[in-house]
Number of protein chains: 2
Amino acid sequence: MPRFNVEPIRRRQLIEATLRVIEDHGFQGTTIGRISAASGLSVGIVSHYFGGKQGLLEATMRHLLTELRNDMRRFMADYPRTPEGRLQAIVDANFSGVQTQSKSARTWLIFWSQAAHSPDLARLQRVNERRLYSNLVHSLRPLLPAHAVSGTAHTIAAMIDGFWLRTALSEGRIGHTQAVELCKAYIDQAIHAGAEHEPTDTYPAQSGATR
Amino acid sequence: MPRFNVEPIRRRQLIEATLRVIEDHGFQGTTIGRISAASGLSVGIVSHYFGGKQGLLEATMRHLLTELRNDMRRFMADYPRTPEGRLQAIVDANFSGVQTQSKSARTWLIFWSQAAHSPDLARLQRVNERRLYSNLVHSLRPLLPAHAVSGTAHTIAAMIDGFWLRTALSEGRIGHTQAVELCKAYIDQAIHAGAEHEPTDTYPAQSGATR
DNA sequence: TTCAGTTGATTGAACGTTCATTCAATTATT
DNA sequence: AATAATTGAATGAACGTTCAATCAACTGAA
């Protein structure tokens, strides 16, 4: 009996190997054989810990989503607790860490394209989408007239995804520094354009932080 | 010898069958067997006309890009030959026809994720990216101060891609009508915000249409 | 300390399935 | 009859899964 539970260690090894293999060989080239070679473990271990290849792939997707959420929380905690600060944190988090590495980029695309066929993945994707949207709405509400909030939130979300996609695909032609700048520029513009019309409804700082 | 060259007919049949199969079964589930069943032709025909599965897949990607370009040209021709008209045409073209059908949506994602591994696909993707960008720059130049053109073009491009992605993924939760509206709203906003600073450099209507 | 015993972790050869490709045979067209 | 087009059974390679065998860590009795 090993001193400590090896399960989490093995699971992490296999997930990281999977990311590496997808990056190197694409989704079609991602085989159990290659994953086991990359992890230094045997082929049988995948079934043992993940029930099979599909299970490992889903766990890998889940891993990416978890890391994205962690990045988001970290940035949220570090930035000023103002609506503007939160918006900055959202943008920065989406272009930092896991999201930036080309290792993950390919995998995200595959994740998205697979989501339509796996109800499980579709659910994860939807949760993620909603979280970003409601974060944005929450931060925009104090800054914009009510009628402009939803559209602006959708637009920012689309812009983040779009820049992310273009950054991931255009190896180096568009840097994420530029992407972050342009996202923030839009946000400023939207806030100022919106503020001209009418500042906002009247419950801006609702006592403290809601949750 | 058949009366007319059957080659273009067969090629089209196979490409359309491929799109149908990818939509129904995902990329992993896209096999020669299924494609031949969907097209009503035999399995051997694929090698005969496309040299193999890979050739058929690349031809399918190329087909999507061609249709996108055709849509773009059609819209460009129909809209007023003003900078604003061209911008509207660009946005509308990107959310019409092939691009909208969920049949193609999955395939685009796959195309993008595959592009990193096939130099051929990467080239196509880059050409497409550049064409959108330079179309945007060309239309924005008469409307914005020089320093704002590039960033705005990148932002519009990202927004189009982002909304397209979200429309494709969120089956119905975000309609492309809404996406088009929000893209155009941003463009208006950008033009007005930019025009405050300084209209533009002074060669707006360069005689006629350049090409 | 040593060692046989126990148990959970890990291995990887064997197996069966799936799939792309091939090409001799067949069909259709002139 | 001659030629172009098409078929689909046969082939072999690749892959995921399985599971009996092996290994490693630890226990407690000697």
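Labels below follow one simple rule: chain letters A, B, ... track the order of the sequence lines, proteins then strands, and each chain is numbered from 1.
- For B/Val43, the side chain to side chain contact (heavy atoms under 4.5 Å, CB included) partners at least two apart in sequence or on another chain are B/Ile32, B/Ser36.
- In this structure, the CZ atom of B/Phe50 is 13 Å from the P atom of C/dT21, given to the nearest Å.
- Residue pairs meeting the salt bridge (charged side-chain N to carboxylate O under 4.0 Å, His left out) criterion with at least one member in residues 153-168 of chain B, sequence neighbours excluded: A/Asp161-B/Arg166, A/Arg166-B/Asp161.
- Shown here are the side chain to side chain contact (heavy atoms under 4.5 Å, CB included) partners of B/Glu58, two or more places apart in sequence or in another chain: B/Gln54, B/Arg62, B/Ser118, B/Asp120, B/Leu121.
- For the side chain to side chain donor-acceptor pair (under 3.5 Å) test, no residue two or more places apart in sequence or in another chain qualifies with B/Ser134.
- Remark: C1' of D/dG16 and NE2 of A/His48 are 17 Å apart, rounded to the nearest angstrom.
- If you take CZ of B/Phe27 and P of C/dC19, they are 14 Å apart, rounded to a whole angstrom.
- With sequence neighbours left out, the side chain to side chain donor-acceptor pair (under 3.5 Å) criterion links B/Ser139 to B/Arg86.
- Annotation for A/Ser96 and A/Phe75: closest pair OG-CE1, 3.3 Å, computed over non-hydrogen atoms.
- A straight line from CG of B/Asn5 to P of C/dT30 spans 13 Å, rounded to a whole angstrom.
- With hydrogens and angles disregarded, no donor-acceptor distance shorter than 3.5 Å links the side chain of A/Asn128 to the backbone of A/Leu124.
- For the pair B/Arg10 CZ and D/dA5 C1', the computed distance is 8 Å after rounding to whole Å.
- C/dT10 atom C1' lies 14 Å from atom CD1 of A/Ile9, rounded to whole Å.
- For A/Glu84, the side chain to side chain contact (heavy atoms under 4.5 Å, CB included) partners are A/Thr82, A/Leu143, not counting sequence neighbours.
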Do any N or O atoms of the protein come closer than 3.5 Å to N or O atoms of nucleotides 13-15 of chain D, and which pairs are they?
none

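- Taking atom CG of residue B/Leu56 and atom P of nucleotide C/dC19, one finds them 16 Å apart after rounding to whole Å.
- B/Arg34 pairs by the side chain to side chain donor-acceptor pair (under 3.5 Å) definition with nothing, not counting sequence neighbours.
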Got a list of protein N/O to nucleotides 8-10 of chain D N/O distances below 3.5 Å?
none

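- B/Tyr49 comes within 4.0 angstrom of the backbone, heavy atoms only, and of no base.
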